[in-house]
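Each chain gets a letter, A, B and so on, in the order its sequence line appears, and its residues count up from 1.
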2 protein chains.
Amino acid sequence: MRRDIFQAIADPTRRAIIALIALQAMTPNAIANNFDTTRQAVSKHLRILTECELVKQEQKGREIYYSLEIDKMKEIDKWLEQFRKIWETRFDQLDNLLATIKKQKK
Amino acid sequence: MRRDIFQAIADPTRRAIIALIALQAMTPNAIANNFDTTRQAVSKHLRILTECELVKQEQKGREIYYSLEIDKMKEIDKWLEQFRKIWETRFDQLDNLLATIKKQKK
DNA sequence: AATTTGCGAAACCAAAAGGTTGCGCGTATA
DNA sequence: TATACGCGCAACCTTTTGGTTTCGCAAATT
């Protein structure tokens, strides 16, 4: 099963998990307590997140703490860049247009 | 069928379509020619993209031109912001650390 | 040592996704 | 007017997804 980060963030529960463990590492049970779902379901989500390296785990005794690989999130940012270029250009164009109108008014 | 933008970009073909029509409006056939897929498959993707308002259409005779609603892409950017804060903070911390080390060397 | 707790993994299931094929409706072209 | 073209839509099929249940293992607690 090939995983990629865009598929990983497609699920709303997974996005919530990501936001949750971004701030502090948590165990599957602790994560599940934050949602209306079971540990097993969370476990499956964590597996998917781990597969695409969005999440790392750290064993402490019998507990496993999951935390976000924040750097991986930059991949989304990187993909978005091509569009950011476009919307910034359009903004500039609008800016120029407004400036031109202003100038004409004088 | 509830659609959201994260689900829309989960599919690699849809991401490719988005990138394609970001630059210029295109018809379903023209889009399909760029990939190894059929018009009908593209049509289904376009429908999903339209449902979550990521794409707009303009009829010209019997052709329908699809183009990207670039502003909608900002929603992803907005979601990413919470994580950008984190990775920028970490970067600052690293920055401070390096500065401290540098200072100690003097 | 026996029991409880935290966990991943596997088997299973319903629902959704992504694709194909065939259709009908307009618009262009002959 | 007949034919070709561009398109959306519905029916259908296979694969994937997200969830539950059950299990076994290892670590903690009694």
Side-chain angles (χ1 to χ4, degrees), chain A residues 1-21 24-69 72 76 79, chain B residues 1-21 24-69 72 76 79:
Chain A
M1 248 174 284
R2 201 58 174 288
R3 300 286 181 193
D4 86 36
I5 193 175
F6 293 99
Q7 205 198 343
I9 63 165
D11 184 86
T13 304
R14 278 198 292 271
R15 283 202 300 282
I17 291 175
I18 290 173
L20 206 58
I21 63 174
Q24 56 175 332
M26 292 178 79
T27 65
N29 266 325
I31 295 169
N33 285 337
N34 282 274
F35 308 110
D36 185 26
T37 185
T38 61
R39 175 189 65 79
Q40 280 85 347
V42 168
S43 205
K44 275 191 117 181
H45 285 305
L46 286 171
R47 193 189 168 191
I48 291 170
L49 292 171
T50 306
E51 272 173 17
C52 65
E53 298 172 302
L54 244 173
V55 147
K56 60 172 180 286
Q57 35 185 300
E58 196 183 348
Q59 184 112 23
K60 283 197 179 175
R62 67 179 167 182
E63 294 183 327
I64 301 178
Y65 284 84
Y66 287 85
S67 59
L68 187 64
E69 279 283 9
K72 192 74 178 181
I76 304 168
W79 178 74
Chain B
M1 248 175 284
R2 202 55 176 290
R3 301 284 181 194
D4 86 35
I5 193 175
F6 293 100
Q7 204 199 342
I9 63 165
D11 184 88
T13 304
R14 278 199 292 272
R15 284 201 301 281
I17 291 175
I18 289 172
L20 206 57
I21 64 172
Q24 56 175 334
M26 291 178 79
T27 66
N29 266 324
I31 295 169
N33 284 338
N34 281 274
F35 308 110
D36 185 27
T37 184
T38 61
R39 175 189 64 79
Q40 279 86 345
V42 168
S43 205
K44 274 191 119 181
H45 285 305
L46 285 171
R47 193 189 169 192
I48 291 169
L49 293 171
T50 305
E51 271 173 18
C52 65
E53 298 172 303
L54 205 56
V55 147
K56 61 173 179 284
Q57 36 185 300
E58 196 183 349
Q59 184 112 22
K60 282 196 180 176
R62 67 180 168 183
E63 294 182 326
I64 301 178
Y65 284 85
Y66 287 86
S67 59
L68 187 65
E69 279 282 11
K72 193 74 179 181
I76 304 169
W79 178 74

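Proximity of a side-chain donor or acceptor of B:Gln7 to a complementary backbone N or O of B:Ile9 within less than 3.5 Å is not detected. Looking at B:Arg14, its side chain does come within 3.5 Å of a backbone N or O of B:Ala8 through a donor-acceptor pair.
B:Arg15 and A:Asp4 are joined by a salt bridge, as a carboxylate oxygen and a charged side-chain nitrogen come within less than 4.0 angstrom of each other.
Spacing between atom CD of B:Gln7 and atom P of C:dA15 amounts to 17 Å, rounded to whole angstrom units. Remark: P of D:dG6 and CE of B:Met26 are 14 Å apart, rounded to the nearest angstrom. Rounded to whole Å, atom P of C:dG18 lies 15 Å from atom CZ of A:Phe6. The CG atom of B:Asp11 sits 18 Å away from the P atom of C:dA16 (whole-angstrom rounding). Here D:dC7 presents its C1' atom at 16 Å from CD of B:Glu58, a figure rounded to the nearest Å. Rounded to whole angstrom, the span from the CZ atom of A:Phe35 across to the C1' atom of D:dG18 amounts to 15 Å. In this entry the distance linking CZ of B:Arg3 with C1' of C:dA16 reads 9 Å, nearest Å. Separating the CD1 atom of B:Ile9 from the P atom of C:dG18 is a distance of 13 Å, rounded to the nearest angstrom.
Residues passing the ring pair (Phe, Tyr, Trp, His ring centres under 6.0 Å) test with A:Tyr66: none are found, sequence neighbours excluded.
Of the two residues near DNA chain D, A:Thr13 and A:Gln59, the one whose nearest nucleotide lies more 5' is A:Thr13.
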Letter per nucleotide, 5' to 3', of nucleotides 3-14 of chain C [B base touched, S only sugar-phosphate touched, - untouched; heavy atoms, 4.0 Å]: -BBSBBB-----

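Minimum heavy-atom separation, A:Ile31 to A:Met26: CG1-CB, 3.7 Å.
Look at A:His45 and you won't find any side-chain N or O under 4.0 angstrom from OP1 or OP2 of D:dT17.
The shortest side-chain heavy-atom distance between B:Leu46 and B:Gln57 does not fall under the 4.5 Å cut-off.
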